[in-house]
S.K.: 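Got a structure for you, questions after.
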Amino acid sequence: MTSQLNSPPVIRGDGHQLVSQEKDLSPMDEKMDIKHIDVESTEGSESEFGVLHDERDIATTVITVEDDPSLNPWTIRAFIIGIGLSAFGGVLAEIYYFKPQTVLVSTMFLAIISYVLGISMETVTPTWGVFRYLNPHPFNKKENAFIVIMASAAANSALGTEVLAVQRLFYNITPNPGASIFLLFSSQLLGYGIGGLFRSVLLYPSKMLYPGILPLVSMFDALYKDTAGAGKKLKLFWIAFGVIFIWELFPEWIFPLLTGFSIFCLANPRSQDFTRIFGGSNGNEGLGLLSLCFDWQYISGGYNPMAIPLRAQFSNFIGYILCIVVFLAVYYKNIWESRGLPFLSQTLFYQNGTVYDQLLILNDKLEVDPVLLAEQGLPFYAGSWVVQLLSTNLGMAATFTHLLLWNYADMQNAWNWLRPSVLRSMWNNFDLRPHYQQMLKYPDAPNSWYLVTLAISIIMALVIIYKTDSTLPWWGFLIAVLLATISILFFGTLYAITGLAFIIQPFVQMIGGFIHPGKPMANMYFVLFSYNSVVQAQLLLRDLKIAQYTKLPPRAAFTAQIIGTLFGAVLNFILMNSIIDNQRDILLSVEGTNIWSGQQPQQYNSQAVAWGGLSHELFAVGKRYQFVAWAYVIGLFVPVPFWIAHRYWPKLRADYLYTPVICYYIGWLCVGINSSIFMYFSIAWFSQWWLRTRYPKWFNKYNYILAAALDGGTQARLFLSPIENFPYMKLQVMVFILSFAVQGASGDSHLFPQWWGANQGGNYDRCAVVDT
């Protein structure tokens, strides 16, 4: 994605970013995305800078190095806004977790809304008497950064709630609330403790750029340097906020047919084959081919089609076409007994298509009993979900080969800094890390703080795994921590330098299944303490880099992170229980609705049962789903033909294809609402080709301002205007309100009365309801 803020430096890349860095998404909702990251500047008279050659150039040219030590982040105002937005973000993140298509709470959104609230409090709060404590000075950048770090730490659905949700939904186990809260605390803070101890390696060097946060920090610089320009942007913010706020009432409640308008289903509303191919307005309904969607929540789905370069979109589109072809071929050719199972689903089934009762194969220790398994038979996956598992493994393996073939120099540079000579040079020459040098005036959060955090997390976890019927032994937990530590060092380095974040959850699940065979519950907890710790460490280090770039004192950043994380975990737990209490039947259903869906706990549970309990029976050589495991090997060779073709026949432009993206997208439509895909690619083509080539000046000036950049994580977005997320802000506030007011997040739902545009008794696009 390319964009400009005042001066034209643009970051692109030859690497691939595979998951969001705000919160890792499960395969069905992330709709995998790969972006590009090298460094260049635009040409022409507007350019003030030449080519940015290295990380130091980027960190010192794009971002202000100067610091004003007089700016104070420790204000009552900052705590009030920070805690308020933490509550909003934590609640909204958990609501999104149970939606048919997960959307992340954007850090950019939190930054802008906190700026609006901060300036508003500064404007309306008196400065005399007791009020001077609420308004001690003008709202400043460090207060804003403090609020953002606190709120973003809360605005993630803790993976521990996924484990607790699975226990409630599929094991009929309701852990003690106190034990559940401490489980969330320990699992969320474990990665913080490990990541914090790696600050000298993964944070301080300039080489550790964290490119995903550059748009945010650049926005801070723009807001607090150009006050006149900021006022104009705030005016546009309120206009966009109001207009889109009203519009979202229609597809979200009054007129849900706008979620998916299918001419084919309206022409033939009785064909179930039409539903599978053209339907998509409801969860797990169909592939949504050529459906028209007017709900921006689903069109974006995690990242904005107006912001992704056409080159990446091209690979996405190839994968999408292959996905449709492969899904239909697998289903109608009855591969893996697919015809007798639902077309789209992520849960486990008996061969006759009924939902598999996993409790009937588990003994009183929640371990797979071979005798009971023989009685029930092995479970089946929907064919489309098997394709998703296979394509995910293909993509993960292809990523390593693709990076080695196309980005070997970048990968080599990523680790060059570890050479003793380079380390000595970095230590002796502080100019290589100018932002870190500015931070030396503030007391650091010492390693002892992170050691205490780590020790408390480990002690809590060792107690909790025995109090929550986890079946994970203490030594299995320690292996999970060791695996997390190694992964944080390796993948954390790549993440910090290149913006790449690899999906290692399937790999961790496979290791957990090998170590703890026949124990699906233990597999879930193993993944929680290993994989989730890697994600949390990356989030901690990302936020500390935000603090370094904005010159927020380290102890203020640490305080904000801890408060936000703990507060958000409590809210996650409360909302999880409320939604399960009120929407349990929908969460257990295969289809869900276009409002609520249990797809994420369903997939987490089915993966734990399959990998943790039945890995040998299902995925070993000669077994039913053996190619899911073989995909790790096959995927290593997928990029090779394209690389050879480009080497010897460069005119074929094989370098234009991102093979890992193509592989991932072959399983793209496995679950959720798919009616938005046609509009997604249509808007992408309109923006990134038609506008960009026919009206380049208009494109450069307005495209990224209009784009609602829904961060799925670490999208390689560059220096976008701060108002790019205004439509998204509306969306998040509207979803928050509607979820409680009419959609049943805390009680009975209140659907809009039945009419032609709100088919409450079936699929909203009026496709036939498929028999299940």
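This one's a predicted model, so the numbers in the text were calculated from it and none came from an experiment.
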S.K.: Quick check: do Y97 and M576 have side-chain heavy atoms less than 4.5 Å from each other?
M.R.: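 No. Closest side-chain heavy atoms not under 4.5 Å.
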
S.K.: Any side-chain donor-acceptor pair under 3.5 Å between N144 and S114?
M.R.: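 Side-chain D/A pair, N144 to S114: present.
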
S.K.: Donor-acceptor pair, distance only, cut-off 3.5 Å: does the side chain of N135 make one with the backbone of T125?
M.R.: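 Yes, N135 side chain to T125 backbone: donor-acceptor pair under 3.5 Å.
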
S.K.: Any non-hydrogen side-chain atom of I147 less than 4.5 Å from a side-chain atom of F139?
M.R.: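 Result yes, sub-4.5 Å side-chain heavy-atom pair found.
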
S.K.: Considering only heavy atoms from C-beta outward, does the side chain of P553 approach that of P73 to under 4.5 Å?
M.R.: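 With C-beta onward as the side chain, the pair touches.
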
S.K.: What pairs with I80 under side-chain contact (heavy atoms from CB on, under 4.5 Å), at least two apart in sequence or on another chain?
M.R.: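 In terms of side-chain contact (heavy atoms from CB on, under 4.5 Å), with neighbours along the sequence ignored, I80 is linked to I76, L134.
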
S.K.: List in chain and number order the residues that pass side chain to side chain donor-acceptor pair (under 3.5 Å) with K545, two or more places apart in sequence or in another chain; answer none if no residue qualifies.
M.R.: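 Residues passing side chain to side chain donor-acceptor pair (under 3.5 Å) with K545: Q548.
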
S.K.: Has K142 got a side-chain atom pairing as donor or acceptor with K551's backbone, closer than 3.5 angstrom?
M.R.: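 Yes: the side chain of K142 pairs with the backbone of K551.
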
S.K.: Pairs in or reaching into residues 445-460: which pass side-chain hydrogen bond (donor to acceptor under 3.5 Å, both in side chains), with residues at least two apart or in two chains?
M.R.: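 Counting only pairs at least two positions apart or across chains, the side-chain hydrogen bond (donor to acceptor under 3.5 Å, both in side chains) contacts touching residues 445-460 are R199-N447.
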
S.K.: Can you sort out the partners of F79 under ring-ring contact (aromatic ring centres under 6.0 Å, His included), two or more places apart, ordered by chain and number?
M.R.: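 Once residues adjacent in sequence are excluded, the partners of F79 under the ring-ring contact (aromatic ring centres under 6.0 Å, His included) criterion are F146.
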
S.K.: Answer with yes or no whether the side chains of Q188 and T565 bring together a donor and an acceptor at under 3.5 Å.
M.R.: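 Absent: no donor and acceptor within the cut-off.
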
S.K.: Show the nearest heavy-atom pair for residues F98 and A165, with the distance to one decimal.
M.R.: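 Smallest heavy-atom distance, with atoms named: CZ-CB, 4.4 Å.
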
S.K.: Quick one: closest heavy-atom pair of L541 and L203, and the distance?
M.R.: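 Shortest heavy-atom separation between L541 and L203 comes out as O-CD1, 3.8 Å.
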
S.K.: Could you measure the distance from the CG atom of L183 to the CG atom of L159? Nearest 0.5 Å is fine.
M.R.: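 Going from the CG atom of L183 to the CG atom of L159 covers 9.5 Å.
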
S.K.: Looking at A153, is its backbone amide N or carbonyl O close enough to the side chain of D543 to form a donor-acceptor pair, meaning the two atoms are under 3.5 Å apart?
M.R.: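 No; judged by distance alone, with no hydrogens or angles, the pair does not exist.
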
S.K.: Which one of L164, L528, V570 satisfies the side-chain contact (heavy atoms from CB on, under 4.5 Å) criterion with L184?
M.R.: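 Single side-chain contact (heavy atoms from CB on, under 4.5 Å) partner of L184 among L164, L528, V570: L164.
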
S.K.: Kindly indicate, with the supporting measurements, whether the criterion side-chain contact (heavy atoms from CB on, under 4.5 Å) is fulfilled by V116 and S120.
M.R.: CA-CA 6 Å; V116 172; S120 299; 4.2 Å; yes

S.K.: Is atom CZ of F567 surrounded by more than 12 heavy atoms (other residues, nucleotides or ligands) closer than 6.0 Å?
M.R.: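 Yes, CZ of F567 has more than 12 neighbouring heavy atoms, counting only those of other groups under 6.0 Å.
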
S.K.: Is any side-chain heavy atom of I574 less than 4.5 Å from a side-chain heavy atom of S578?
M.R.: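 With C-beta onward as the side chain, the pair stays apart.
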
S.K.: Could you state the interatomic distance from CG (L197) to OG1 (T485), rounded to the nearest 0.5 Å?
M.R.: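 Going from CG on L197 over to OG1 on T485, the span is 9.0 Å.
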
S.K.: Ignoring hydrogens, what is the shortest heavy-atom contact between I488 and V534? Give both atom names and the distance.
M.R.: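 In terms of heavy atoms, the two residues are closest at CG1-CA, 3.8 Å.
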
S.K.: Does the E94 side chain pair with the main chain of S157, one donor and one acceptor, at a distance under 3.5 Å?
M.R.: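 No, the answer is negative, given that no donor and acceptor are paired below the 3.5 Å cut-off.
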
S.K.: Locate the shortest heavy-atom distance separating T559 from W74; write the atom from each residue and the value.
M.R.: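 Smallest heavy-atom distance, with atoms named: OG1-CH2, 3.5 Å.
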
S.K.: Could you please spell out the steps behind the side-chain contact (heavy atoms from CB on, under 4.5 Å) verdict for S152 and R542?
M.R.: CA-CA 11 Å; S152 65; R542 180 206 66 181; 3.7 Å; yes

S.K.: OH of Y549 to NZ of K141: how many Å apart, nearest 0.5 Å?
M.R.: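 So the gap between those two atoms works out to 12.5 Å.
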
S.K.: Under a 3.5 Å distance rule, please check whether D444 uses its side chain to pair with a backbone N or O of P446 as donor and acceptor.
M.R.: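 A pair under 3.5 Å: no.
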
S.K.: Show the nearest heavy-atom pair for residues A537 and G191, with the distance to one decimal.
M.R.: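 The answer is CB-O, 3.4 Å.
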
S.K.: Go through L544 and Q561 one step at a time and tell me if the side-chain contact (heavy atoms from CB on, under 4.5 Å) criterion holds.
M.R.: CA-CA 9 Å; L544 290 179; Q561 287 173 314; 3.6 Å; yes

S.K.: Give, for atom OG of S70 and atom CG of N140, the distance between the pair rounded to the nearest 0.5 Å.
M.R.: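 Answer rounded to 0.5 Å: 8.5 Å.
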
S.K.: Sequence neighbours excluded, which residues qualify as side-chain contact (heavy atoms from CB on, under 4.5 Å) partners of L566?
M.R.: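 side-chain contact (heavy atoms from CB on, under 4.5 Å) check on L566 returns F185, L189, I562.
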
S.K.: With T75, which residues qualify under side-chain contact (heavy atoms from CB on, under 4.5 Å), at least two apart?
M.R.: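 For T75 the side-chain contact (heavy atoms from CB on, under 4.5 Å) partners, ignoring immediate neighbours, are N72, R77, A78, P136, H137, E143.
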
S.K.: Apply the test side-chain contact (heavy atoms from CB on, under 4.5 Å) to residues I458 and L190: give CA-CA distance (whole Å), side-chain angles for both, the deciding distance (0.1 Å), then the verdict.
M.R.: CA-CA 7 Å; I458 290 176; L190 183 63; 3.8 Å; yes

S.K.: If you measure from CG on L571 to CG on L92, what distance do you get to the nearest 0.5 Å?
M.R.: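 Result: 11.5 Å between the selected atoms.
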
S.K.: For the atom pair OG (S186) and CG (N532), what is the distance rounded to the nearest 0.5 Å?
M.R.: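 Atom-to-atom, S186:OG and N532:CG are 9.5 Å apart.
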
S.K.: Any side-chain heavy atom of Q600 within less than 4.5 Å of one from E162?
M.R.: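 Touching, per the 4.5 Å side-chain cut-off.
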
S.K.: Measuring only between side-chain heavy atoms, which start at C-beta, is Y442 closer than 4.5 Å to P69?
M.R.: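 In contact.
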
S.K.: How close do A151 and L85 get, counting heavy atoms only, and between which atoms?
M.R.: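 Reported closest heavy-atom pair: CB-CB, 3.8 Å.
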
